[in-house]
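One structure is given below, encoded as structure tokens.
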Amino acid sequence: MTLAVVSSSVVLEPDHLRKVVGHFQQHDAFAFDVESVDNDEYPNTRGVPALNRVTWLSMATHGMTAVIPLGHPIGTKVIGQGKEPRTDKNGTVKMFRVPVYEPPPIQMEIGRAFDILRPLFFNEGIRKVGHEITFDLGSVAKYWGEVPPGPYADTKSIMRLLDENTARRGNGLKTWTERIFGVKYDTENVGKCVESHPFDTVAHYSYMDSLYTWLLYQYARPLIDEEDLQRVNRVEEDLISCLVGMRLAGSRMDVPRLENLRGELKTDLIGIEGDIYKAAGQQFNINSPRQRCNVLYLPKKEGGQGLRPWRLTPGGKKWVDEGHEATIDSWSTDAETLKSYPKNTVARTMLNYADTNRMLTGFVNAWLGIEGDKKHPPQIYDGYIYPEYQPHGTVTGRFSGRAPNPQNIYRADTPRGETIRGGFIAPDGYSLVVGDYGQIELVILAHLIGHGKLFDGFWAGIDPHIVTAAGILGKPTDSVTKDERQYFGKTMNFTIVNGGQWRLVAEMIDCGEREAKRILSKHEKEFPEIYAFKKAVFKKARSRRPPHVRSILGRKRRMWDLLSSEYKWAAAAERETFNFLIQGGAADLMKLALIDTDYQLGQLVPDAYVSMCVHDEQTVVTPTDRAEQVRAIMVESMTGPHIQKLIKVPLSVDCNIGQRWSECH
DNA sequence: CTTCACTCGTGG
DNA sequence: AAATCCACGAGTGAAG
């Protein structure tokens, strides 16, 4: 591809910017990119579009680019040397030599610049393109007080659709620019700390970012059509405004409750720690797997507990498979193992420690931050968290979430979950409305097969775990007990969706090899349509080049390993392929539902907004007096005709209203 | 000092 | 012969 950059400029004057906006408005699409810095009150807000401060905006379209500095602090030329105090990791302050730059050119006041940019960004005939556009869109939206309307395009999303197997870390603009255009830039990581780099350097960097976003869009967008991915791409585009809304809204947290919890957990932990040391007769690092192994598995005369390990770690298993002798730290000290030594005080207490420690470090400390610890900055700002959702964070199309991740918080029906989910609250005058799909993965499975016992069960309103348990036990569904549903139904359905073998079944329901194998063969006999369907899926996938399957919305999962002659790899590929159909199908539905919820709220209850999504569950924050209306909207958006028409079995949703997340299940 | 693999444990 | 899908992240410990 040849690059013809006709006109490019650094824009410092309002009149100049007006001209630029005029030129850009003559095209039907443009790419843009934002550079941002931490705001003054908090560290670590650079990645939070609701809070960061935009210091550069660059744009690119056909033969035209513009770079708009909006408050870069330093100029280009070095005019001297100064000293700056910095704290190292030991907390000691040292003076570092730093270059002193000339003052920067006079730049436009940010509000004024955004006033001039408004007609371009709010033009609904012009497509706005970004690489991970939710960040850039969110960053600029706060200056207008509203999110610019679509149409949008996201090159990161596009590249993920075209190549879902690319490592998530290798999905950045720089990676694609190098891979596709052979161009390498930003070797000095300007983007990580723009404010300390000279003006011209950042100008060039910013220019390159939007230019290559644009060129990447030009390159990749036609491939979406070529690979017949228009439909899923359209859904990803339509989802963008909802995602920007979620990122800007964040979620209100009950900080005093978390602070109290932190105190309690810390005290508990110190007590447990003492108990372990006392029982073990020594002090050691309880968080170190290796040291735990020594304490637990060394013979008593060598100071250990003399317990017999029985479960290898994944790494330990690999080591043994390679023909080595297992070492003491090849053995696992996980909860499953520790539970098998109920009479040993050290093991019992370690279990308690791990649980409490995880609650403290993984959630409370992670969110509140640790004072003076640079590695643990607070993730709550003025009582709000702002999770970063990646709409293409997984190969299956599900979201991933981070900083903090709202998707791996203890379930609400556990004591820990009750406590920690209680930390998610509605703002004053508002309520939370949470909608949760019922058995969404099995709904997808039954839909894909299109007939059979699960399919009929859904139409008869019978829980799929009960259907499966009844089949295995050879008795009517209305006589299946709660335990039978759990042990036979839930376990086997899980096994089908994720591709487990007898070992897994035996472990999950705590039975022997014979019984596990009997259950599996009985399942196959009673539910032959599932196995026939799987077989057909793999056959079809293998007939394609590259071998692949597609989800309900047409998202692709390419799987070369399906052709592997090594059983290990081919079998793993089959499990992944099949799971993709189910997990990916569920993700498709959730994305459609989110788009509709967001749209309907905008039309009917503009003060309400989507705030969270956990795979099969969405949360809306609404003025309390509109909560019932929002509940109706959510039920409609999750199960209404626009979605139900895609699925051959009835969808169900459980929707609850509360002041705390913990109350909504 | 940074980066990476590994272990463990949450969620769906 | 070898057999559980998709994530994030805290912490340890070793390698670059």
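Every chain is numbered from 1, with letters handed out A, B, ... down the list of sequences. What you see is a predicted model; the values in this text were computed from it and never measured.
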The nucleotide from B:dG9, C:dC8, B:dT7 with an atom nearest the side chain of A:A354 is B:dG9
In whole angstroms, the gap separating P of C:dT4 from CZ of A:F494 amounts to 11 Å
Checking C:dA1, C:dC5, C:dG11 against the side chain of A:N287 (C-beta onward), the nearest is C:dG11
From the candidates B:dG9, C:dC5, C:dA3, the one with an atom nearest any side-chain atom of A:R503 is C:dA3
Side-chain atoms of A:T333 come closest, of B:dC8, C:dT12, B:dG11, to B:dC8
| Under 4.0 angstrom between A:Q407 side-chain N/O and C:dG9 OP1 or OP2 | no
note: A:H615, atom NE2; C:dA7, atom P; distance rounded to Å ~ 10 Å
OP1 or OP2 of C:dC6 less than 4.0 angstrom from a side-chain nitrogen or oxygen of A:T396, does that happen here? no
Under 4.0 Å, counting only non-hydrogen atoms across every strand here, what does A:N285 touch: a base, just sugar-phosphate, or nothing?
sugar-phosphate
Sorted by position of nearest nucleotide on DNA chain C, 5' first, the leading residue of A:V497 and A:A366 is A:V497
Per atom distances to the A:V395 side chain, the nearest of B:dC8, C:dA7, B:dG11 is C:dA7
- Query: Does the side chain of A:S400 get closer than 4.0 angstrom to OP1 or OP2 of C:dC8 through an N or O atom?
  - Reply: yes
Go through the steps to decide whether A:Y437 and A:H615 satisfy the test ring-ring contact (aromatic ring centres under 6.0 Å, His included), and finish with yes or no. CA-CA 9 Å; A:Y437 271 124; A:H615 307 309; over 10 Å; no
From the candidates B:dT7, C:dG13, C:dC6, the one with an atom nearest any side-chain atom of A:P314 is B:dT7
Self-check item: Between C:dA3 and B:dT7 - P atom distance, rounded Å
Solution: 15 Å
A:A403 has its side chain closest, among C:dG9, C:dG11, B:dG11, to C:dG9
Among B:dG11, C:dC5, C:dT4, the one nearest any side-chain atom of A:Y410 is B:dG11
Please confirm whether the shortest side-chain N or O distance from A:R402 to OP1 or OP2 of C:dC8 is below 4.0 Å. no
Checklist entry - Can you find a pair of side-chain heavy atoms, one from A:L338 and one from A:L296, that are under 4.5 Å apart? => result yes
Out of C:dC8, C:dC6, C:dG11, minimum distance to the side chain of A:T361 belongs to C:dG11
Ranking B:dC8, B:dG9, C:dA7 by distance to the side chain of A:T394, first place goes to C:dA7
A:E388 atom CD is separated from C:dG9 atom C1', nearest whole Å, by 14 Å
Query raised in the report: Taking only side-chain nitrogens and oxygens of A:R292, does any of them come within less than 4.0 Å of OP1 or OP2 of C:dT12?
Result: no
Checklist line | Residue-phosphate contact under 4.0 Å: A:S288 side-chain N/O, C:dG11 OP1/OP2 | finding: no
Q) So does A:H376 get a side-chain nitrogen or oxygen closer than 4.0 Å to the phosphate oxygens (OP1/OP2) of C:dG11? A) yes
Rounded to whole Å, the OH-P distance (A:Y389 to C:dA7) equals 17 Å
_C1' atoms of B:dG9 and C:dT4, separation to the nearest Å_ = 16 Å
So A:I409, base contact, sugar-phosphate only, or nothing? Heavy-atom distance under 4.0 Å.
sugar-phosphate
